[in-house]
Protein chains: 2
Amino acid sequence: MADAEYVNIWMRPERPARGPKPAYSRAQITEAAVRIADAEGLEAATMRRIAAEIGAGAMSLYRYVPGRDELIQLMADRLMGEIDVEGMPSGDWRADLTRYAHGLRAMWLRHPWIATVHRALPGLGPQQLRLIEAVMGVLDAHLPIDENLGLMAVLNGFVEGAARDEVSWTEEVRRSGVSEEEWQARNYPYVRHLLESGEYPIFGRIALEARGPRLGRDEQFRIGLERVLDCIAAALPPEARA
Amino acid sequence: MADAEYVNIWMRPERPARGPKPAYSRAQITEAAVRIADAEGLEAATMRRIAAEIGAGAMSLYRYVPGRDELIQLMADRLMGEIDVEGMPSGDWRADLTRYAHGLRAMWLRHPWIATVHRALPGLGPQQLRLIEAVMGVLDAHLPIDENLGLMAVLNGFVEGAARDEVSWTEEVRRSGVSEEEWQARNYPYVRHLLESGEYPIFGRIALEARGPRLGRDEQFRIGLERVLDCIAAALPPEARA
DNA sequence: CCTCGACTGAGTACGTTGTACGCGGTCATG
DNA sequence: CATGACCGCGTACAACGTACTCAGTCGAGG
């Protein structure tokens with residue numbers, strides 16, 4: 001019951017007032033966990049492994065964090081802190097949202113395991129709140145709050161969806177241990193089987209005609225993002241579009 | 001090595017040619033697993049639990065499926081089969097995409113655990129392929145394939161993003177065992193703490209002014225979807241917009 | 001300055017998971 | 001009809017999250 005009295009990892013004080021000085025810190029533990037997850041995936045960031053990384057006993061971590069779920073919340077919020085939204089709103093909404101979108105995507109690509117974190121709910125950690133303030137502040141002067149929320153849902157949906165697609169490649173490659181080219185080669189028989197069946201003409205055109213090496217992923221994202229920003233522009237009052 | 005020769009769960013034949021009649025089937029196992037995941041979450045769908053559900057021994061499942069990951073792929077593809085895209089393209093692209101979007105969202109809400117399935121990659125299971133053919137077929141006559149893919153990324157990103165938000169509520173409620181109102185009440189101290197700190201003015205406006213009970217989630221989704229469809233309309237050649 | 005209790009990091013242990021292995025029985029094929 | 005491939009299943013193991021416990025240590029009250 002003593003555990004249940006805090007509703008949140010954010011409300012739970014890191015350290016009690018009395019007692020010996022702790023040897024580690026939440027930030028240090030979170031950092032180590034992120035390092036492991038970056039290198040070997042979230043499933044490799046077990047409590048034992050994280051503890052070993054900082055030179056502690058496995059059970060020591062539970063002095064700092066109630067459980068693994070909460071530690072993952074700390075990790076996720078730490079990642080939000082990597083996104084640069086300094087100086088927003090700058091007055092140029094399109095530049096601001098472009099910078100945010102590219103920053104969010106880049107963060108996802110640096111930490112692909114973020115795709116496997118679900119629970120998050122309205123995370124509402126300090127870094128996530130910082131992001132909300134900065135990004136929603138960009139259009140706040142021009143739009144009612146509900147409109148703003150709706151547009152941000154479209155923007156975030158696009159960026160996260162795109163990032164999720166790219167990341168599932170990265171993760172598949174890491175997990176299976178074969179390169180992307182190797183993977184493609186391995187899957188070739190299946191794709192050919194689908195093409196030859198003749199039942200999937202549009203998939204066939206996707207596989208044979210679309211994107212491929214013509215457009216890099218970066219370029220493709222940029223184009224998609226411009227389209228989304230055009231939609232946002234259309235929803236703004238005319239005097240705010242510049 | 002005998003396992004590695006199939007690149008895919010979809011390429012691996014369900015049954016070898018010879019030998020006694022099997023007592024179960026992939027479809028039956030998948031069905032049971034989905035039933036359990038719907039009721040108690042994906043993490044409750046363990047191999048033992050699924051086997052018990054159909055009255056089999058735990059290890060029997062491995063005769064039908066190489067491992068748990070592949071079974072989850074089967075489950076995910078089964079879910080895609082629930083989405084009604086019959087008769088697409090009908091000639092009215094906006095009606096078609098609206099039906100698809102609502103169907104996709106409804107499927108997510110029926111099976112919230114889909115949010116926790118990551119690997120999926122380009123799933124390319126039969127049901128997913130069926131969906132690709134139908135949905136991309138809607139705009140196929142009006143757009144080059146790359147444009148079509150880009151627009152579908154925006155649409156899917158919006159629907160899945162919105163569904164993911166709603167679903168994380170559902171899942172949190174199920175996992176914690178308390179109702180949404182109860183959860184809100186429990187979190188109230190934290191939200192008040194944030195509001196009183198004065199550091200998060202926009203979050204404050206979101207909490208106090210926005211949506212709330214004024215708009216149901218359905219209505220909010222409908223509005224957002226209309227906006228996305230307007231964007232798609234703007235990208236179509238003029239003669240196709242009607 | 002002393003005392004004492006709250007708090008420390010760590011070790012051990014338990015229950016649950018996915019799944020490797022091997023068994024005796026069974027049925028389609030030669 | 002003989003045979004061997006395949007059936008479902010029981011046992012076993014390693015790895016996980018974490019509950020419990022304990023000797024040592026720091027800091028506040030007298």
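Quick note on labels: first sequence line is chain A, next is B, and so on, each numbered from 1. Predicted model, so just to flag it, every value in this text is computed and none were measured.
- Looking at residues two or more places apart in sequence or on another chain, you find a side-chain contact (heavy atoms from CB on, under 4.5 Å) between P189(A) and M11(B).
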Quick test: give all pairs of protein nitrogen or oxygen and nucleotides 16-18 of chain C nitrogen or oxygen below 3.5 Å, distance rounded to 0.1 Å.
{"from": "dG18(C)", "atom 1": "OP1", "to": "R68(B)", "atom 2": "NE", "distance (Å)": "2.8"}
{"from": "dG18(C)", "atom 1": "OP2", "to": "M47(B)", "atom 2": "N", "distance (Å)": "3.2"}
{"from": "dG18(C)", "atom 1": "N7", "to": "R48(B)", "atom 2": "NH2", "distance (Å)": "2.7"}
{"from": "dG18(C)", "atom 1": "O6", "to": "R48(B)", "atom 2": "NH2", "distance (Å)": "2.8"}

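- Residues meeting the side chain to side chain donor-acceptor pair (under 3.5 Å) test with Q127(B), sequence neighbours left out: R130(B).
- For the side chain to side chain donor-acceptor pair (under 3.5 Å) test, residues two or more places apart in sequence or in another chain that qualify with R99(A) are D84(A).
- R68(A) meets the side chain to side chain donor-acceptor pair (under 3.5 Å) test with no other residue; sequence neighbours excluded.
- The interatomic distance linking R63(B) (CZ) with dA20(C) (P) rounds to 12 Å, in whole Å.
- Rounded to an integer number of Å, the gap from L61(A) CG to dG11(C) P is 13 Å.
- Proximity of residues 30-40 of chain A to DNA chain C (heavy atom under 4.0 angstrom from any strand atom) is not detected for any residue.
- Applying the salt bridge (Lys or Arg N to Asp or Glu O under 4.0 Å) test to R110(B) and every residue at least two apart in sequence or in another chain returns E82(B).
- In this structure the side chain of Y100(B) reaches within 4.5 angstrom of the side chain of L131(B), judged on heavy atoms.
- Under the side-chain contact (heavy atoms from CB on, under 4.5 Å) criterion, M59(B) pairs with Y62(B), not counting sequence neighbours.
- The distance from atom CD1 of I54(A) to atom C1' of dT8(C) is 14 Å, rounded to the nearest whole Å.
- Applying the side-chain contact (heavy atoms from CB on, under 4.5 Å) criterion to Y188(A), with sequence neighbours excluded, gives R192(A).
- Within the 4.5 Å cutoff, the side chain of M136(B) has heavy atoms near those of the L149(B) side chain.
- By the side chain to side chain donor-acceptor pair (under 3.5 Å) test, Y200(A) pairs with no residue at all, sequence neighbours left out.
- Between the P atom of dC16(D) and the CG atom of L42(A) lies a distance of 13 Å, rounded to the nearest Å.
- With axes fitted over five pairs at each extremity, the angle between the ends of the helix from dC1(C)-dG30(D) to dG30(C)-dC1(D) is 10° (10° resolution).
- With dG8(D), dG11(C), dG10(D) as the choices, the nucleotide that has an atom nearest any side-chain atom of Y24(B) turns out to be dG8(D).
- Listed by chain and residue number, A32(B), R35(B), I36(B), R49(B) satisfy the side-chain contact (heavy atoms from CB on, under 4.5 Å) test with E53(B) (two or more places apart in sequence, or in another chain).
- With rounding to whole Å, I29(A) atom CD1 is found 14 Å from dA10(C) atom C1'.
- Among dG22(C), dA19(D), dT11(D), the nucleotide with an atom closest to any side-chain atom of M59(B) is dT11(D).
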